[in-house]
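Throughout, numbering of the chain's residues begins at 1 and tracks the sequence.
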Amino acid sequence: MRSQDVHCLVRRVAAVDTGCADLAVLRAAVDDLRRLRSWVDGREVAFARSIAALSSFPEKSLAEAGRTSLRHGEQILGRAETTEQIHALGSSLEAGRVSGEHVDVVTRALRQLEPAVRARLVEMVPGLVPIAEQSTADEFARTVRAEARRLERDSDGLERLERQRRAIRLSSWIDKMSGMGRWSVTLDPATWATLEVRLDAQVEAMFHDAHPDGCPSDPFEKQAYLRALALLALLNGDGAGVGRPEIIVVEDHTN
């Protein structure tokens, strides 16, 4: 976006009184703000790219300069990396036609793919830019996810189980209401089955004859309590010895 275009947008937005009762004028002002915000995102990415060339810790430099979090600095650098790979997306961002959130969609998708599939998505994204320019970030994310899944299905080198293994995740946080620590874990089927066997064996080994003090009486709560104790024992190296589970992988060739 040219500097005179930016100045024009700023003047138009500044000219609209906050007490304006004309819906058409207000909608036009909000659209101008959208374009300005996208232009700002583009400038931030450009500056981030320059800072990365000068700073040994660019995430921190960005966070300190912008008075934001380190995570936000990492996000901006991710946008810079993505737009460096996909110039059409970067040009659209600089022109104010897509937002930083649209770029984030592509960044996340690329990080979740294998190198071969990632390269194919990079080649495809320029053709998706016109869709991004007419879509919200959420709508664009659905389009990109669909294309990424199609590329994965078409890739000879990617088996479903391998993709699932790369998709394992563990998140942890403190529940604000209870003050308790919580985990959320996603595992591939083979790893899940192995852990289930080990947990069941650990519960049996620890609580076959007696239940610990404080054990809930509700059957579901009791099982959850015992499994939590069994998991802690496994993490502490006190696990019961069990054989390897039999894993049967069923391949679906209908697609």
Side-chain angles (χ1 to χ4, degrees), residues 59 69-75 78 104-118 121 138 141-142 144-255:
E59 298 92 335
S69 66
L70 191 62
R71 183 176 180 180
H72 181 73
E74 293 171 349
Q75 181 185 45
D104 293 339
V105 166
V106 178
T107 302
R108 286 193 297 270
L110 292 176
R111 288 174 176 173
Q112 294 170 1
L113 297 173
E114 278 292 295
V117 182
R118 187 185 308 143
L121 184 60
D138 288 341
R142 288 192 287 271
V144 172
R145 283 196 298 267
E147 292 299 330
R149 285 195 296 268
R150 184 181 65 78
L151 290 174
E152 285 185 324
R153 287 196 300 269
D154 293 344
S155 174
D156 294 334
L158 284 176
E159 297 295 337
R160 184 167 183 242
L161 184 57
E162 288 304 312
R163 293 199 302 269
Q164 290 172 327
R165 283 172 174 161
R166 288 191 298 276
I168 64 172
R169 297 290 187 273
L170 172 64
S171 301
S172 60
W173 69 97
I174 300 296
D175 188 298
K176 294 182 179 180
M177 296 296 293
S178 66
M180 302 284 282
R182 298 182 67 91
W183 279 359
S184 174
V185 62
T186 302
L187 301 173
D188 64 87
T191 304
W192 173 262
T194 301
L195 181 58
E196 285 291 289
V197 169
R198 295 194 64 189
L199 275 176
D200 289 343
Q202 188 68 19
V203 170
E204 176 66 17
M206 293 175 64
F207 310 116
H208 176 76
D209 298 321
H211 292 155
D213 294 338
C215 184
S217 58
D218 178 85
F220 295 102
E221 290 294 320
K222 177 175 69 175
Q223 186 66 8
Y225 180 69
L226 297 180
R227 283 166 65 84
L229 293 178
L231 177 61
L232 290 175
L234 289 174
L235 292 175
N236 289 327
D238 301 327
V242 296
R244 292 177 60 84
E246 179 181 0
I247 307 299
I248 301 176
V249 178
V250 179
E251 297 186 2
D252 183 356
H253 296 287
T254 57
N255 292 327

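Between Ser171 and Trp183 the shortest side-chain heavy-atom distance does not fall below 4.5 Å. Residues Ile168 and Thr186 fail the side-chain proximity criterion, which asks for heavy atoms closer than 4.5 Å. Using a 4.5 Å cut-off on side-chain heavy atoms (C-beta onward), Arg166 and Glu114 make contact. In this structure, Ser217 and Lys222 have side chains that are not in contact, with every pair of non-hydrogen atoms separated by 4.5 Å or more. Looking only at side-chain heavy atoms (C-beta outward), Ile174 and Met180 stay at 4.5 Å or farther from each other. A 4.5 Å side-chain heavy-atom check between Trp173 and Ser184 finds at least one atom pair inside the cut-off.
Scanning both residues, Leu121 and Leu110, for their nearest heavy atoms gives CD2-CD2, 3.8 Å. Closest heavy-atom contact between Val105 and Ala141: CG1-CA, 3.4 Å. Scanning both residues, Tyr225 and Asp213, for their nearest heavy atoms gives OH-O, 3.5 Å.
Side-chain atoms of Arg118 come within 3.5 Å of backbone N or O of Leu113 as a donor-acceptor pair. Between the side chain of Thr194 and the main chain of Ala190, a donor-acceptor pair closer than 3.5 Å is present.
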Could you check Leu226 against His211 for side chain to side chain contact (heavy atoms under 4.5 Å, CB included), going step by step and ending with a plain yes or no?
CA-CA 8 Å; Leu226 297 180; His211 292 155; 4.1 Å; yes
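Salt bridge Glu196/Arg227: present, at least one basic N to carboxylate O contact under 4.0 Å. The pair Glu74-Arg71 does not meet the salt-bridge criterion, since no charged nitrogen lies less than 4.0 angstrom from a carboxylate oxygen.
Using modelled atom types and a 3.5 Å distance limit, the side chains of Asp104 and Thr107 yield no donor-acceptor pair.
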